[in-house]
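Structure first, then comments.
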Number of protein chains: 2
Amino acid sequence: MKTLVSRCPIEEVMQVLGGRWPSLLIYYLKDGTRRFSDLRRDNPTISHRMLTLELRKLMDAGIVRRTEFEGYPLRVEYDLTDAGQELVPLIDALGDWWEKTESWCADRQREMATAGLAVT
Amino acid sequence: MKTLVSRCPIEEVMQVLGGRWPSLLIYYLKDGTRRFSDLRRDNPTISHRMLTLELRKLMDAGIVRRTEFEGYPLRVEYDLTDAGQELVPLIDALGDWWEKTESWCADRQREMATAGLAVT
DNA sequence: CTGTATCCATCCCGATACTG
DNA sequence: CAGTATCGGGATGGATACAG
């Protein structure tokens with residue numbers, strides 16, 4: 001299911017949530033079920049290949065559930081598992097923290113600019 | 001300071017905290033000040049180069065503070081900023097979530113094994 | 001001790017084409 | 001529509017040597 005040999009849970013969970021796509025996909029799934037092609041439209045810049053790989057990773061981590069419907073054309077739906085739902089507020093908290101810190105950084109930059117320093 | 005053009009704070013914060021080292025470094029810094037060489041000892045597998053790069057990234061994100069002391073040999077101390085301290089419980093929560101999920105996965109694996117399925 | 005620069009192997013990821 | 005396979009360019013990261 002997963003072959004990480006780390007003893008640190010943080011290190012492990014970051015292997016799954018780190019990177020550009022996992023958190024975004026979780027966000028698009030948090031309000032309900034989405035199909036493969038929906039997710040492609042949601043994130044126009046993700047490649048077909050990466051979407052499948054990222055979804056598989058999230059499935060292996062028990063965050064995303066895949067449901068396949070018989071018929072033609074083939075139809076597959078993705079949604080968050082219960083564990084995945086629990087994850088949403090935790091990721092949210094990180095986002096909030098970041099926004100707060102960003103504004104703090106912006107303030108600092110403004111101060112420094114006022115003090116006559118270059119702000120690259 | 002940072003040149004991300006993403007509109008999603010989650011995506012941005014994951015750029016900083018994602019990957020193998022950031023969360024680990026934060027953990028080693030959360031209990032107090034550490035020197036460069038201390039952090040190398042803490043994480044024997046991180047390369048000299050990566051340690052400097054990761055520390056710089058955390059500094060740019062306003063998470064880590066660097067203090068340089070005059071004298072010979074040069075001495076530098078790192079610790080968490082206030083924003084960095086606030087981050088610790090949030091990362092903790094992710095770690096806890098992961099451990100809970102992991103045990104759930106382990107249970108599932110055991111069930112499947114009992115059912116006679118191979119567990120890679 | 002701390003940090004930088006260079007070189008080089010590796011891996012990630014996008015593009016593309018193909019299968020069910 | 002959903003997913004897999006293959007290839008190649010580019011980013012990533014380790015080793016090493018050097019500088020302050």
Side-chain angles (χ1 to χ4, degrees), chain A residues 2-6 11-12 14-25 28-29 32-61 63-80 120, chain B residues 2-6 11-12 14-25 28-29 32-61 63-80 120:
Chain A
K2 181 154 29 61
T3 335
L4 289 172
V5 284
S6 164
E11 189 176 347
E12 293 184 1
M14 282 308 176
Q15 294 272 346
V16 177
L17 298 182
R20 181 173 181 186
W21 304 115
S23 49
L24 282 182
L25 294 180
Y28 283 114
L29 288 171
T33 295
R34 307 240 74 193
R35 299 181 59 177
F36 187 87
S37 45
D38 292 332
L39 291 170
R40 288 219 66 187
R41 265 186 295 277
D42 294 335
N43 314 52
T45 61
I46 195 173
S47 69
H48 188 138
R49 181 176 175 276
M50 281 321 286
L51 182 53
T52 58
L53 291 179
E54 294 294 327
L55 283 173
R56 178 185 302 281
K57 187 170 69 172
L58 292 175
M59 287 164 56
D60 290 346
I63 295 170
V64 164
R65 176 178 47 194
R66 194 190 106 116
T67 313
E68 189 171 331
F69 296 89
E70 297 292 332
Y72 178 84
L74 182 58
R75 175 180 164 188
V76 177
E77 291 187 350
Y78 294 93
D79 63 349
L80 294 183
T120 325
Chain B
K2 181 154 26 63
T3 336
L4 289 173
V5 283
S6 165
E11 190 175 348
E12 292 184 1
M14 282 306 176
Q15 294 271 348
V16 177
L17 298 181
R20 180 173 182 184
W21 302 115
S23 50
L24 281 181
L25 294 180
Y28 282 114
L29 288 171
T33 295
R34 307 239 74 192
R35 300 181 57 177
F36 187 87
S37 44
D38 292 331
L39 291 170
R40 288 219 66 188
R41 265 185 296 277
D42 293 336
N43 315 50
T45 61
I46 195 174
S47 70
H48 188 138
R49 182 176 176 275
M50 281 320 288
L51 183 54
T52 58
L53 291 180
E54 295 293 327
L55 283 173
R56 177 184 303 278
K57 186 170 70 174
L58 292 174
M59 287 165 56
D60 289 346
I63 296 171
V64 164
R65 174 177 49 192
R66 195 189 106 116
T67 313
E68 188 172 330
F69 296 89
E70 297 291 332
Y72 179 83
L74 182 55
R75 174 181 165 185
V76 177
E77 291 187 350
Y78 294 93
D79 63 350
L80 294 183
T120 324

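Here the structure is a predicted model, which is why all the values come from computation and not from measurement. Sequence lines set the chain letters: A, B, ... in the order given, protein chains first and strands last, and positions in each chain run from 1.
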Could you walk me through whether L51(B) and R40(B) pass the side-chain contact (heavy atoms from CB on, under 4.5 Å) check? CA-CA 8 Å; L51(B) 183 54; R40(B) 288 219 66 188; 3.3 Å; yes
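Of the candidates dA2(D), dG14(C), dT2(C), the closest approach to any side-chain atom of W21(A) belongs to dG14(C).
Sorted by first then second residue, the side chain to side chain donor-acceptor pair (under 3.5 Å) pairs that include residues 47-56 of chain B, not counting sequence neighbours, are E54(B)-K57(B).
Taking atom CZ of F36(A) as the reference point, atom C1' of dT4(D) lies 11 Å away to the nearest angstrom. For R20(A) and dA11(D), the CZ to C1' distance is 14 Å, given to the nearest whole Å. Taking atom CG of L74(B) as the reference point, atom P of dT2(C) lies 7 Å away to the nearest angstrom. Rounded to whole Å, the distance from CD on E68(A) to C1' on dC1(D) is 11 Å. Separating the CD atom of E70(B) from the C1' atom of dT2(C) is a distance of 13 Å, rounded to the nearest angstrom. Between the CG atom of N43(A) and the P atom of dG14(C) there is a distance of 12 Å, given to the nearest Å.
Looking at L80(B) and R65(B), their side chains never come closer than 4.5 Å, going by heavy atoms from C-beta outward. Proximity of R34(A) to E77(A): side-chain heavy atoms (C-beta onward) are nowhere separated by under 4.5 Å.
Regarding contacts with the backbone of dA2(D), a side-chain N or O of R35(A) is found under 4.0 angstrom from either OP1 or OP2.
Residues of residues 45-58 of chain A having a heavy atom closer than 4.0 Å to DNA chain D, listed by number: H48(A), R49(A), T52(A), R56(A).
No contact: F69(A) has no heavy atom under 4.0 Å from any strand.
Here the CG-CG distance, from N43(A) to L25(A), works out to 5.5 Å after rounding to the nearest 0.5 Å.
For Y72(A), the side-chain contact (heavy atoms from CB on, under 4.5 Å) criterion is met by no residue, not counting sequence neighbours.
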